[in-house]
Protein chains: 2
Amino acid sequence: MPPPAAVPTRAVAADERERTWSIAEVAAEFGVTHRTVRHYEELGLITPERRGTTRVYHRRDRTRLGLILRGKRLGFPLEEIRTIIDLYDAPRGRRSQLEYVLAQIDERRADLEQRRRDIDSALSELTEFERRCRVDLDRLA
Amino acid sequence: MPPPAAVPTRAVAADERERTWSIAEVAAEFGVTHRTVRHYEELGLITPERRGTTRVYHRRDRTRLGLILRGKRLGFPLEEIRTIIDLYDAPRGRRSQLEYVLAQIDERRADLEQRRRDIDSALSELTEFERRCRVDLDRLA
DNA sequence: GTATTGCTTTACGTTGACGTCAACGTCAAC
DNA sequence: GTTGACGTTGACGTCAACGTAAAGCAATAC
């Protein structure tokens, strides 16, 4: 069978959506080592496809990796990060499931807002301290 | 000698300022173990007075402990926390010292602002996710 | 061919942040 | 004077989050 003469736009978009990456590519892109990526897989934070023994990463895996690293920047432990990002994929068919998810969301939000308060007070202390330093500097001038 | 008949306000205030605490008191107050408090001392984050072998904690130590724990909530490693809170006590006599401190402040601020951006995006994603969950819930009703 | 490159697994090492346990000092209360 | 309560110093244990080294497969490069 000959290949199709022309590839319609839809198919191109599909190709683009279904682009895959190697472990080296995702690691380099996110600025981590392949060991780190595999560690996250061991903990069940990402589950790349396997072709034979080789790991194949899809857009979904990159999304999750982004969430993981942002969680890390925020200082969350990996286990907690797992419960958070799993939440986004949790089944929400039954009412009880949805209510559980909503309760979890509330907890997460409270946690994040506490962190933001911490950051804001740290920032304002820093600003005040900078002001005092500038006063000292002016006196030296 | 009889004790003084009346204690003037100034002396009361001084007493209050110079109140001290035991390791058990500060640990309980901040919700950590005494082991944790001693660990921070080993790393040079706090340096309580010694009376004989016993540690005596002053207001200054409690302030630093508060800064340490806030840093921890924000996910900073203890070594980094040490450089941060040491900054507040750093000598600022010479111009070069002041300029160094100001540069450090800028670094800290950039870091904290990155964290705040991360938190804000996490929060808005959470809000959007909650909205979708509530739509699902309404459909079930 | 073989040599290099890129991926794989297995497995042990390391660092940070404490926990835990042993062995002992000290001081007020009984 | 001994019994607690609270303090002390080591020293080793543990858990998370990886690092690192060893050894092997599989495809391309020469």
Side-chain angles (χ1 to χ4, degrees), chain A residues 19-58 61-62 64-86 108 111 114-115 118 122, chain B residues 19-58 61-62 64-86 108 111 115 118:
Chain A
R19 217 204 117 179
T20 60
W21 290 264
S22 75
I23 189 168
E25 285 169 342
V26 292
E29 184 173 347
F30 285 92
V32 296
T33 69
H34 70 284
R35 180 67 183 86
T36 299
V37 176
R38 280 187 38 235
H39 184 58
Y40 296 160
E41 183 181 347
E42 288 169 15
L43 297 185
L45 284 122
I46 40 180
T47 49
E49 184 199 341
R50 292 295 181 114
R51 288 190 191 147
T53 67
T54 307
R55 292 168 174 86
V56 174
Y57 295 84
H58 293 255
D61 300 307
R62 305 200 330 156
R64 290 178 74 99
L65 195 47
L67 289 173
I68 295 166
L69 295 178
R70 191 183 64 193
K72 280 207 57 186
R73 285 198 300 275
L74 294 176
F76 288 103
L78 290 178
E79 270 305 319
E80 194 165 349
I81 292 174
R82 186 158 65 98
T83 72
I84 300 172
I85 63 181
D86 280 353
R108 292 289 96 223
D111 194 340
Q114 170 62 44
R115 273 160 202 264
D118 282 335
Chain B
R19 217 204 114 179
T20 60
W21 291 263
S22 74
I23 190 168
E25 286 169 339
V26 291
E29 183 173 349
F30 285 93
V32 297
T33 69
H34 71 285
R35 179 64 183 89
T36 299
V37 176
R38 279 189 37 233
H39 183 58
Y40 296 161
E41 183 181 348
E42 287 170 15
L43 297 185
L45 285 126
I46 41 182
T47 49
E49 185 199 343
R50 293 297 182 114
R51 287 191 190 146
T53 67
T54 308
R55 292 170 175 86
V56 174
Y57 296 84
H58 293 255
D61 300 307
R62 305 199 331 156
R64 290 178 73 101
L65 195 46
L67 289 173
I68 294 166
L69 295 177
R70 191 183 65 192
K72 279 207 57 187
R73 285 198 300 275
L74 293 176
F76 288 104
L78 291 177
E79 270 304 319
E80 194 164 350
I81 292 174
R82 186 159 65 98
T83 71
I84 298 171
I85 64 181
D86 279 353
R108 294 286 96 225
D111 193 340
R115 275 161 200 262
D118 282 334

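For the numbers below, each heavy atom of this structure counts, side chains included, while hydrogens, waters and symmetry mates do not. Per chain, numbering begins at 1; letters A, B, ... match sequence-line order.
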Fill in: Atom of A/Arg62, atom of A/Phe30 and distance for their closest heavy-atom approach
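Closest approach of A/Arg62 to A/Phe30: O-CZ, 3.5 Å.
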Discussion item. With a 4.0 Å limit, can you tell me whether B/Arg50 has a side-chain N or O closer than that to the phosphate oxygens OP1/OP2 of D/dT9?
Written reply: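 For D/dT9, OP1/OP2 do have a side-chain N/O of B/Arg50 under 4.0 Å.
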Worksheet item: Think B/Ser22 has a side-chain N or O under 4.0 angstrom from the OP1 or OP2 of D/dG7?
Response: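 It does, given that an N or O in the side chain of B/Ser22 lies less than 4.0 Å from OP1 or OP2 of D/dG7.
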In whole angstrom, what separates [X]'s [atom1] from [N]'s [atom2]?
| X | N | atom1 | atom2 | answer |
| --- | --- | --- | --- | --- |
| B/Glu41 | D/dG10 | CD | P | 12 Å |
| A/Glu80 | D/dA16 | CD | P | 13 Å |
| B/Glu79 | C/dA17 | CD | C1' | 12 Å |
| B/Ile46 | C/dC18 | CD1 | P | 11 Å |
| A/Trp21 | C/dC7 | CH2 | P | 15 Å |

Fill in: Options C/dA17, D/dT8, C/dC7, nucleotide nearest the side-chain atoms of B/Arg55
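Of the options given, the side chain of B/Arg55 lies nearest D/dT8.
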Worksheet entry | Donor-acceptor contact present, side-chain B/Glu25 to main-chain B/Ser22, <3.5 Å |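 Confirmed, B/Glu25 side chain pairs with B/Ser22 backbone.
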Item to complete: Please check if the side chain of A/Arg51 supplies one atom and the backbone of A/Val56 the other of a donor-acceptor pair under 3.5 Å.
Response: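 Not confirmed, A/Arg51 side chain does not pair with A/Val56 backbone.
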Discussion item. Return the pairing partner of C/dA29 with a 3.5 Å limit on both distances, Watson-Crick or G-U wobble; otherwise return none.
Written reply: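 Partner of C/dA29: D/dT2.
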Item to complete: State the pairing partner of D/dA21; accept Watson-Crick or G-U wobble contacts with both distances under 3.5 Å, and report none otherwise.
Response: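 Its partner is C/dT10.
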Practice prompt. Only one of A/Arg50, A/Arg82, A/Arg35 passes salt bridge (charged side-chain N to carboxylate O under 4.0 Å, His left out) with A/Glu41; say which it is.
Written response: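 Among A/Arg50, A/Arg82, A/Arg35, the one that satisfies the salt bridge (charged side-chain N to carboxylate O under 4.0 Å, His left out) with A/Glu41 is A/Arg50.
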Discussion item. Looking at B/Asp111 and B/Arg108, is there a salt bridge between them, counting it only when a charged N and a carboxylate O are closer than 4.0 Å?
Written reply: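 Looking at B/Arg108 and B/Asp111, the cut-off is met.
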Practice prompt. Answer yes or no: is there a side-chain heavy-atom contact under 4.5 Å between B/Trp21 and B/Glu29?
Written response: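 Sidechains of B/Glu29 and B/Trp21: in contact.
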Worksheet item: Taking protein heavy atoms under 4.0 Å as touching, what does nucleotides 18-26 of chain D look like 5' to 3' if B marks base contact, S marks sugar-phosphate-only contact and - marks none?
Response: BBB------
